[in-house]
Amino acid sequence: MNLFSTVLTMLIATTAAQGAELKVLSGNGAKAAVRELCSQFEKATGNKINLRFEVNADLKKKIEAGEALDVAVLNPPVIEALIKSGKLVAGSRRDIGHSGLAVAVKSGAPKPDISSVEAFKRTLLAAKAVAYPGKGASGLYFVSLLDRMGIKAAMQGKLKPMAAEDTVEVVARGEADMVVVEASRIPGVAGVDVVGPIPEALQTRIGFAAGLSASSKAPDAAKALIQFLSAPSAAALRAKRVDPAS
């Protein structure tokens with residue numbers, strides 16, 4: 001029996017009778033993975049999850065302002081900041097995984113060459129419209145890359161900073177030639193094809209972690225969910241383009 005199966009068995013034994021309803025606030029980066037794992041948790045335990053996705057920075061402000069929740073799934077620095085402010089329980093952080101940036105195009109469209117830094121630059125410059133997250137870590141990093149590659153000025157008329165919930169979807173509608181975004185944001189969006197990761201020389205790794213709310217009304221079930229989120233099989237995470245935490 002692997003670790004994931006062992007954890008699943010323990011969770012069923014300890015939480016199935018609770019019938020708790022958990023509120024989970026999550027960043028958009030690992031949306032497909034978090035949604036899938038929360039669904040598995042619900043089925044395994046009988047608990048219900050009210051799951052909402054927003055940009056990390058916006059959720060941080062809302063949690064600091066007192067919004068009720070049980071579990072937060074955010075970038076590790078945000079989790080740590082909320083622990084420091086007392087909104088999340090000290091020592092409750094559990095790393096889930098991380099993801100790099102990738103490129104996607106509309107399904108059926110030719111896949112551009114992004115195999116090297118120079119090829120990636122040529123592809124960006126040749127595009128008519130490039131979508132990226134207008135807020136959040138991956139969007140900020142992508143904009144910094146344009147400056148680093150010396151093409152920021154040339155790209156100004158081509159860039160489409162998008163709301164988090166529409167970053168990839170805009171490409172599926174044909175309103176942008178391509179999107180540069182966390183790879184983990186692409187799974188589950190119909191109408192797009194993954195081209196691949198951006199060149200390794202330009203790559204970054206954006207992490208995802210879970211933390212327990214200090215005001216959780218169902219702390220035992222919330223702790224069980226955090227354990228579940230941080231112990232899936234590597235294959236389960238990689239299927240959603242998340243590399244498991246080491």
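Throughout, residue positions are numbered sequentially from 1 according to the sequence presented. Because only heavy atoms are used, hydrogens play no part in the values below, and waters and symmetry mates are left out as well, while side chains stay in.
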Original post:
Are R173 and D166 within salt-bridge range, i.e. N to O under 4.0 Å?
Top reply: yes
**OP:** Working to the nearest 0.5 Å, report the span between CD1 of I63 and CG of L69.
**Re:** 5.0 Å
Original post:
Rounded to the nearest 0.5 Å, how far does CD1 of I226 lie from CZ of R94?
Top reply: 7.5 Å
**OP:** Start with the C-alpha distance between T45 and L225, add both sets of side-chain angles, then the distance that settles side-chain contact (heavy atoms from CB on, under 4.5 Å), and finish with yes or no.
**Re:** CA-CA 10 Å; T45 66; L225 174 59; over 6 Å; no
Original post:
Would a distance-only check, ignoring hydrogens and angles, find a side-chain to backbone donor-acceptor pair under 3.5 Å from D177 to A129?
Top reply: yes
Subject >> Minimal non-hydrogen separation, A127 against K158, with atom names >> reply: O-NZ, 2.8 Å
Original post:
Which heavy atom in A209 sits nearest to a heavy atom in P76, and how many Å separate them?
Top reply: CB-CG, 4.2 Å
Subject >> Single-linkage hydrophobic cluster, 4.5 Å side-chain cutoff, F53 and V55 together >> reply: no
Original post:
Is the backbone of S230 close enough, under 3.5 Å, to the side chain of D95 for a donor and an acceptor to pair up by distance?
Top reply: no
Original post:
Going through the checks in order, is the side-chain contact (heavy atoms from CB on, under 4.5 Å) test met by L37 and Q40?
Top reply: CA-CA 5 Å; L37 291 171; Q40 290 180 14; 4.0 Å; yes
**OP:** Identify whether the distance between the nearest side-chain nitrogen and carboxylate oxygen of K84 and E80 falls below 4.0 Å.
**Re:** no
For a quick test of your reading: what N or O donor-acceptor pairs under 3.5 Å do the side chains of residues 142-151 make, sequence neighbours left out?
unit_1 : atom_1 : unit_2 : atom_2 : d
S144   : OG     : Y141   : O      : 2.6
R148   : NH2    : A201   : O      : 2.7

**OP:** For V71 and A210, work out which heavy atoms get closest and say how close.
**Re:** CG1-CB, 4.4 Å
**OP:** Please answer: with hydrophobic residues joined when any side-chain heavy atoms are less than 4.5 Å apart, are V73 and V242 in the same cluster?
**Re:** yes
Subject >> Test item: D70 side-chain N/O and S213 main-chain N/O as donor-acceptor pair under 3.5 Å >> reply: no
Original post:
Are V180 and V105 linked, directly or through other ILVMFWY residues, by side chains that come within less than 4.5 angstrom of each other?
Top reply: yes
**OP:** Nearest 0.5 Å please: distance from the CE atom of M162 over to the OH atom of Y132.
**Re:** 10.5 Å
Subject >> Atom of A119, atom of S116 and distance for their closest heavy-atom approach >> reply: N-OG, 3.1 Å
Original post:
Less than 4.5 Å apart, any side-chain heavy atom of K60 and any of L74?
Top reply: no
**OP:** Kindly compute the distance separating CG (L101) from CD (Q203), expressed to the nearest 0.5 Å.
**Re:** 5.5 Å
Original post:
Of the non-hydrogen atoms in S138 and P133, which two are nearest, and what is the gap between them?
Top reply: OG-CG, 3.3 Å
**OP:** Check for a donor-acceptor pair, side chain of K223 on one end and backbone N or O of L212 on the other, with a separation under 3.5 Å.
**Re:** no
**OP:** With sequence neighbours excluded, tell me which residues meet side-chain contact (heavy atoms from CB on, under 4.5 Å) with N75.
**Re:** N56, P77, V78, A137, I206, F208
Original post:
Would you find a donor on one side and an acceptor on the other, under 3.5 Å apart, between the side chain of N47 and the backbone of G19?
Top reply: yes
Original post:
In Å, rounded to the nearest 0.5 Å, how long is the span from CG of L124 to CE of M155?
Top reply: 5.0 Å
Original post:
Under a 4.5 Å side-chain heavy-atom rule over Ile, Leu, Val, Met, Phe, Trp and Tyr, are L229 and F41 clustered together?
Top reply: yes
Original post:
Are E200 and R205 close enough for a salt bridge, meaning some N to O gap below 4.0 Å?
Top reply: yes
Under 3.5 Å, sequence neighbours excluded: what are the donor-acceptor pairs made by side chains of residues 20-34?
unit_1 : atom_1 : unit_2 : atom_2 : d
K23    : NZ     : E67    : OE2    : 2.8
K23    : NZ     : A68    : O      : 3.1
N28    : ND2    : E54    : O      : 3.1

**OP:** Determine the minimum heavy-atom distance between A90 and I83, stating which atoms define it.
**Re:** CA-CG2, 3.7 Å
Original post:
Out of curiosity, L237 CG to I96 CD1, how far, rounded to the nearest 0.5 Å?
Top reply: 8.0 Å
Original post:
Hey, are the side chains of V195 and M178 touching, using non-hydrogen atoms and a 4.5 Å cut-off?
Top reply: no
Original post:
Counting only heavy atoms not in K111, do more than 12 fall under 6.0 Å of its NZ?
Top reply: yes
**OP:** Go through E64 and L82 one step at a time and tell me if the side-chain contact (heavy atoms from CB on, under 4.5 Å) criterion holds.
**Re:** CA-CA 7 Å; E64 287 176 335; L82 290 170; 3.7 Å; yes
Original post:
Hey, are K121 and E118 close enough for a salt bridge, meaning a charged N less than 4.0 Å from a carboxylate O?
Top reply: yes
Subject >> L202 reachable from V181 in the ILVMFWY side-chain graph, under 4.5 Å edges >> reply: no
Original post:
Under 3.5 Å, side chain of S39 to main-chain N/O of R35, donor-acceptor pair present?
Top reply: no
Original post:
Would one find more than 12 heavy atoms of other residues, nucleotides or ligands at under 6.0 Å from atom NZ of K106?
Top reply: yes
Original post:
Does NZ belonging to K135 count more than 12 external heavy atoms closer than 6.0 Å?
Top reply: no
Original post:
Got more than 12 heavy atoms from elsewhere within 6.0 Å of CZ, R241?
Top reply: no
**OP:** Start with the C-alpha gap between T204 and I198, add the side-chain angles, then the distance that decides, and say whether side-chain contact (heavy atoms from CB on, under 4.5 Å) holds.
**Re:** CA-CA 9 Å; T204 189; I198 68 171; over 6 Å; no
**OP:** Any chance you could lay out the salt bridge (Lys or Arg N to Asp or Glu O under 4.0 Å) test for E169 and R185, step after step, and finish with the verdict?
**Re:** CA-CA 10 Å; E169 290 76 1; R185 176 62 179 81; 3.0 Å; yes
